Structure formats: C-alpha cells, structure tokens
Protein chains: 2
Amino acid sequence: MEIQHPSETIFHAIESAIKAYRKYAQQKISEQIEGITLDQSLALIYIKKHPELTQNELAELLFKDNASLTRMIKLMVKNGFVTRTINDEDLRRYKLTLTKKAEIIVAKLPQIIQSNRATALDGITLADQEVVKELLHDIKNNCKI
Amino acid sequence: MEIQHPSETIFHAIESAIKAYRKYAQQKISEQIEGITLDQSLALIYIKKHPELTQNELAELLFKDNASLTRMIKLMVKNGFVTRTINDEDLRRYKLTLTKKAEIIVAKLPQIIQSNRATALDGITLADQEVVKELLHDIKNNCKI
DNA sequence: TATCATTAGTTGATATATCAATTATTAATC
DNA sequence: GATTAATAATTGATATATCAACTAATGATA
C-alpha cells in the first residue's frame, strides 16, 4: 500500500506553519521581554482577561495537559509572574492574579503580538483566513472520538 | 491596545486542529501497535524510504530539534526499532536501519495512517486542502527571519 | 445524610522541546 | 599541508507533554 508521503500532506503543512510561527513569535517576544515564553505570555493575557478561569480551562485554551499547566503555573509563580490564592467559594480551585511585574509585561505584549500576527499573515486575505479556519475546524471535529 | 483574543486567531485554529489530529492518530496507532509513538512511526517510514538521510535531515522532516532527534533515535535503538551502524564514507554520520520488528510495524502502518488521514479529512475537498496548504506555506515563509 | 460520581488540581514516570556548549569529522582556503 | 570553517551528532540544563494514579472538595442521588 502506497500512501502519500508524510511531508506532502496537509498535516505536515500545518505543523510546519505553526512551528515557524511559534518560533518567530518567541524570538520577537524574547527580544523585548526577558524570561518569558510565548505560552506564558498567552497565559498572562488569558488570566488578565478571564481571572475566573480554572487551571483546567486555562489548560484547554493553551492546548496543554492539566499536568503541564500545573507545572507551568508553578513556574510562573516561582518566576514572579503570578500569585495563587485560595478561592473561598470552591476550595478545589485557586485564584490566579498577575503580579506587578506581569502587569508591566502584559502592557507590552499586545504590540508585539499584533506585529507578529501581522507579519505572519502578511499578504493573506481575511476571507482566506476564514476558509482555513473553517477547514481546520472540520479536521478537529473529524478527529473527535 | 486591543488585540484579537488568542482563541479567535487562525493560529489557535491551527494548533487546535493539529493537536486533535495527532491525538487521534496516536490513539489509532496504539490500538494496533504497541509501544510506538506517532513520530516514531513517521521516523520509521522516512528511514525506510530514505535510508541515506542524516539525523539532522530527519529531524527537519519530523519538526524536531537535532537534540530531540538524537534522544529519539537512542530510544528507538533501545526499544529495538532501529540499528545504528558506522557510515564509512562519513564518520560523522550513521546509517540507520530498521529492525525486523520495525519492518513488521512499517508494513502495518500505511493502512492505519491512510485511514487516519481519511477520517481527519472527511468531507474536505482536495481543492480546499490545496488552498490551505498554500496559505500555511505563506505563513511559514512570512515567519522566516 | 451516607454513598457515589464528578470536578480541580497534583505528582510520578517517561518522553520530548529548546538552547547553548561540546566533540569529532570533513570541506574549504590559503 | 596547516588553518579555518562547516557539518553531524551528542550532552547538559531546563521546560514542557503525556498518561496514569492520586488527593481533596463539591455535587448528585438514593
């Protein structure tokens, strides 16, 4: 049985594109902000905008395993980006809050991220982006078990 | 500055789709073959088809760091999928060869992979796939520094 | 209200990602 | 032919991915 060579598939193209973007975005962030990863940056944005999110919900948004997120949060606390406090309404969960250091970072991020996205999507129409989003959404749904 | 929320972006859609596909593909492989990852499976296919590839070239095809691939190969040798022998023409590189165990696996893989891809791409036209591939290719090129 | 199921989060084990530094070999240049 | 540059692969340090097993708290139900 002859299958299409992996590097010719759409899946290869998808991985290739997202890895290139992540690498580029991380570089651009690192140029201006020290000691933070792309995912940590996104985590800060999410926490700031939706402070009520549970870690599990945050994990899903960031495409991370709960276990990974636990360790990521732990590291972000250690690195002084986030503080964790008890949530009196539900003792299973925690409240995550940005530190001042993180607030300063979050203030800088939008320009960087905006610029990264603009660079990555240069010359690509919004209409095409929507087509791609829909197709990717279909792939995702097709893969639900 | 208000930027588009990360989860609304095309990058989020890309990550979401590829992660769903990888998870699905891994599950389907695991159902039929024990003790091998999706990436290791792809590595076997590449090695079988292009035995002359260096580890660095292989790494690029699999979207892995050279360091990651070194460890992956080491593990595949340990797990009895691959043997490494000296390359007399260039002592810096190695020859990678599939073991019998791996040959049996590689014989089973095409059906599984074919089926996985078909499931993931169900209802999506080839024409649309090409559009997406092109757009992803553009993103990749835009992100080259 | 006692039992059971669900939810939120953690931990251990193992594999992989990433960057930088390093070794060994080969290629290029003078 | 000696020096330098480039290539192939490895290693160390640190972070993350993944699965399974686990604790603790809350919710549902009988």
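Just so it is clear, the structure is predicted and the values come from calculations on it, not from any experiment. In what follows, chains are A, B, ... by sequence order, proteins preceding strands, each numbered from 1.
- Residue A:H137 places its NE2 atom among 12 or fewer non-hydrogen atoms of other residues, nucleotides or ligands, all under 6.0 Å distant.
- For B:I86 and D:dA9, the CD1 to P distance is 12 Å, given to the nearest whole Å.
- Among the nucleotides D:dA9, D:dA24, D:dA20, the one closest to any side-chain atom of A:R92 is D:dA24.
- A:I104 and A:Y46 fall into different hydrophobic clusters, defined by Ile, Leu, Val, Met, Phe, Trp and Tyr side-chain heavy atoms under 4.5 Å apart, directly or through other members.
- Using a 4.0 Å cut-off between a side-chain N of Lys or Arg and a carboxylate O of Asp or Glu, A:E130 and A:K133 qualify as a salt bridge.
- Counting to the nearest Å, the P atom of D:dA8 and the CD atom of B:E57 are 7 Å from each other.
- We find that A:E31 and A:K28 are joined by a salt bridge, their nearest charged nitrogen and carboxylate oxygen being less than 4.0 Å apart.
- At the heavy-atom level, B:T70 lies under 4.0 Å from base atoms of the strands shown.
- Between A:N56 atom CG and D:dT26 atom C1' the separation is 14 Å, expressed in whole Å.
- What separates NZ of B:K64 from P of D:dT10 is a distance of 16 Å, to the nearest Å.
- For the helix from C:dT1-D:dA30 to C:dC30-D:dG1, the terminal axes (five pairs an end, C1' atoms, rotation from four pairs onto the next four) enclose an angle of 20°, given to 10 degrees.
- Rounded to whole Å, the distance from CD1 on B:I73 to P on D:dA8 is 15 Å.
- In the hydrophobic cluster analysis, where Ile, Leu, Val, Met, Phe, Trp and Tyr join through side-chain heavy atoms closer than 4.5 angstrom, B:Y21 is grouped together with A:Y21.
- Whole-Å rounding puts the B:L91 CG to D:dT7 C1' distance at 13 Å.
- What separates CZ of B:R93 from P of D:dT10 is a distance of 13 Å, to the nearest Å.
- Two residues, A:D88 and A:M72, neighbour DNA chain D, and the one matched to the more 5' nucleotide by heavy-atom proximity is A:M72.
- Of the residues near DNA chain D, A:S68 and B:D90, the one whose nearest nucleotide (by heavy atom distance) lies more toward the 5' end is B:D90.
- The residue from B:D39, B:N56, B:T70 that alone fulfils the side chain to side chain donor-acceptor pair (under 3.5 Å) condition with B:K64 is B:D39.
- In this structure, the CG atom of B:D65 is 13 Å from the C1' atom of D:dA8, given to the nearest Å.
- Where A:Q55 and A:Q26 each meet DNA chain C at their nearest nucleotide, the meeting point lying more 5' is that of A:Q55.
- B:Q26 CD: more than 12 foreign heavy atoms inside a 6.0 Å radius.
- A close approach under 4.0 Å does occur between a side-chain nitrogen or oxygen of B:R84 and OP1 or OP2 of D:dT10.
- Scanning DNA chain C 5' to 3' for nucleotides with an atom closer than 4.0 angstrom to a non-hydrogen atom of chain B gives a first and last hit of C:dA15 to C:dT26.
- Here A:D128 pairs with A:I124, A:T125, B:L135 under the side-chain contact (heavy atoms from CB on, under 4.5 Å) rule; sequence neighbours left out.
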Check: What's the verdict on side-chain contact (heavy atoms from CB on, under 4.5 Å) for B:F11 and A:L121, showing C-alpha distance, side-chain angles and the deciding distance?
Finding: CA-CA 10 Å; B:F11 308 105; A:L121 298 175; 3.8 Å; yes
